Every structure is written in structure tokens, then in C-alpha cells.
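Since this is a predicted model, take the numbers as computed values, not measurements. The chains referred to below are lettered A, B, ... by the order of the sequence lines, with proteins before strands, and numbering in each begins at 1.
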Amino acid sequence: DAGITQSPRHKVTETGTPVTLRCHQTENHRYMYWYRQDPGHGLRLIHYSYGVKDTDKGEVSDGYSVSRSKTEDFLLTLESATSSQTSVYFCAIRDTGPHNSPLHFGNGTRLTVT
Amino acid sequence: GENVEQHPSTLSVQEGDSAVIKCTYSDSASNYFPWYKQELGKRPQLIIDIRSNVGEKKDQRIAVTLNKTAKHFSLHITETQPEDSAVYFCAASVGTALIFGKGTTLSVSS
């Protein structure tokens, strides 16, 4: 196990409500990532972080914000959830160094927006 | 931005046959290409990776080849077994992130 914990594991919420997903790592890695996984689309990058308070947008960042106030936690927030954000969300950390090293994924959060 | 195309989307083979999955990428700056396996309801897990200074890498029944000139890389699984049934994703590096293909569902029947 790569020392990544995602919470909650499952969540059902209503359209228009705010939702925050948490990713916690025990590895002290600098780089952390949020992906969403949908049938037919594979894994798509939402946002990533390269250090405390340092974040950048990915492929599908609209409707999402992130925060990283300490190394071990990376939060993903849906300010006003929509049905199109129903998905499985994976957090990942990068192994040693920023480049040429694999990502290790958490167990995912299944979010349903009704 | 980087675009990673993966083919085929589904692949069915008989146990013992070989399976090949192919990916192409668009960003010539990409220099790291991992492959992930995802079983139903589980997280993606790294099975093999290759860096741009290497043309081929092998790990038991799994091998990956890379053609940087043509911007494509492939996963080869030999002597397939039922436990190889899963979704396989290729990815290419873009700066500090990875961009993934849409996945290939491999089914191995005994």
C-alpha cells in the first residue's frame, strides 16, 4: 500500500450542494493529484499539487477547486455539485522526484450526485 | 495539450494466447510511459513502465516497447491467464503529471 487514504469512500449528495473529498498521505511526497474516472473516458486529471499551497489545473478542472495547506492533505472541493460530477475520484501521489516516476493511487471515492 | 490514444478498447483472447495493446501520444516532450492494470472495483496499479531512453523493457510475461520517432508504445502480454482479465491503461508524462488513455478491457477465457 502506498500510504494513501481517501475519505469518504462513498458519498451521495444532492445537486447544488458543496462537497469536499480528502486525500491523506503518510509518505511525505511533494506531488499529489486528483483524477476522475468515468466509463469510456479513462482517468482524467482534475488538479494537481507540487507543494504546499502550490496547485495547478488539469484537463477537466471546471467546477472543481483544490487546497493543500499541509504536505499530507490534498482536498478536492465541488463548490456546487452537478449530476455530471457523478464519478469515481482517485487521488494519487508521485514516487521519488517529479519526473520519470510512477503515480500510486488511493482506493477511490465513489460520488453520486442526485 | 497531450493526447493519448489507446487501442483496442476491448480485447478477447484465449488462455495461452498473446495480447497486444497499443498507444500513441502527441507531445514529443513526453519521456515516461507507464502501464496500469485495474481490476473491477479496485484502484489502478502500475505493472510496468518505460522511459524514453529505452526502446524495450520486459518483466516476465509482460513487455513494453517504445518508438519515440513514431510516438507510440505498446504493451505485450504473453501466455495470458484468466487472472490477466482487467482494464489496462497506458499513460504519458506531461510535465509532472500523467495523461491516460481511455483503457482496454482485456478478457481472457479458459
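- In terms of modelled atom types and a separation under 3.5 Å, the side chain of B:Arg43 and the main chain of A:Phe105 share a donor-acceptor contact.
- Minimum heavy-atom separation, A:Leu43 to B:Phe100: O-CB, 3.6 Å.
- Around atom CD of B:Glu79, no more than 12 heavy atoms belonging to other residues, nucleotides or ligands sit under 6.0 Å away.
- Looking at B:Pro44, the atoms closer than 4.5 Å to chain A (heavy atoms on both sides) sit in the backbone and in the side chain alike.
- Heavy-atom distances place the side chain of A:Phe90, and not its backbone, under 4.5 Å from chain B.
- Annotation for A:Arg110: atom CZ does not count as buried by contact number, only 12 or fewer foreign heavy atoms lying within 6.0 Å.
- If you measure heavy-atom distances from B:Gln45 to chain A, you find no contacts under 4.5 Å at all.
- By the 6.0 Å contact criterion, NZ on B:Lys102 is open, its count of non-hydrogen atoms from other residues, nucleotides or ligands being 12 or less.
- Atom-to-atom distance recorded for A:Tyr35:OH and B:Leu98:CG is 4.5 Å, nearest 0.5 angstrom.
- Among the candidates B:Phe33, B:Tyr36, B:Phe89, the residue making the largest number of heavy-atom pairs closer than 4.5 Å to chain A is B:Tyr36.
- One hydrophobic cluster holds both B:Ile47 and B:Leu11 under the rule that ILVMFWY side chains link at heavy-atom gaps under 4.5 Å.
- No more than 12 heavy atoms of other residues, nucleotides or ligands shown are found within 6.0 angstrom of CD on B:Gln60.
- Using a 4.5 Å cut-off between heavy atoms, B:Leu46 touches chain A through its side chain atoms alone.
- We find the OH-OG1 distance between A:Tyr50 and B:Thr96 to be 8.5 Å, quoted to the nearest 0.5 Å.
- Within 6.0 Å of atom NZ in B:Lys71, more than 12 heavy atoms from other residues, nucleotides or ligands are found, so the atom counts as buried in its surroundings.
- Hydrophobic cluster membership is shared by A:Tyr33 and A:Val88, with clusters built from Ile, Leu, Val, Met, Phe, Trp and Tyr side chains linked at under 4.5 angstrom.
- Of the atoms belonging to A:Leu103, heavy atoms from both backbone and side chain fall under 4.5 Å from chain B.
- Cluster annotation: B:Val64 is not connected to B:Val20 through the hydrophobic network of ILVMFWY side chains, with a link wherever side-chain heavy atoms come within less than 4.5 Å.
- For chain A, the option among B:Val87, B:Val4, B:Ile99, B:Val94 with the highest count of heavy-atom pairs below 4.5 Å is B:Ile99.
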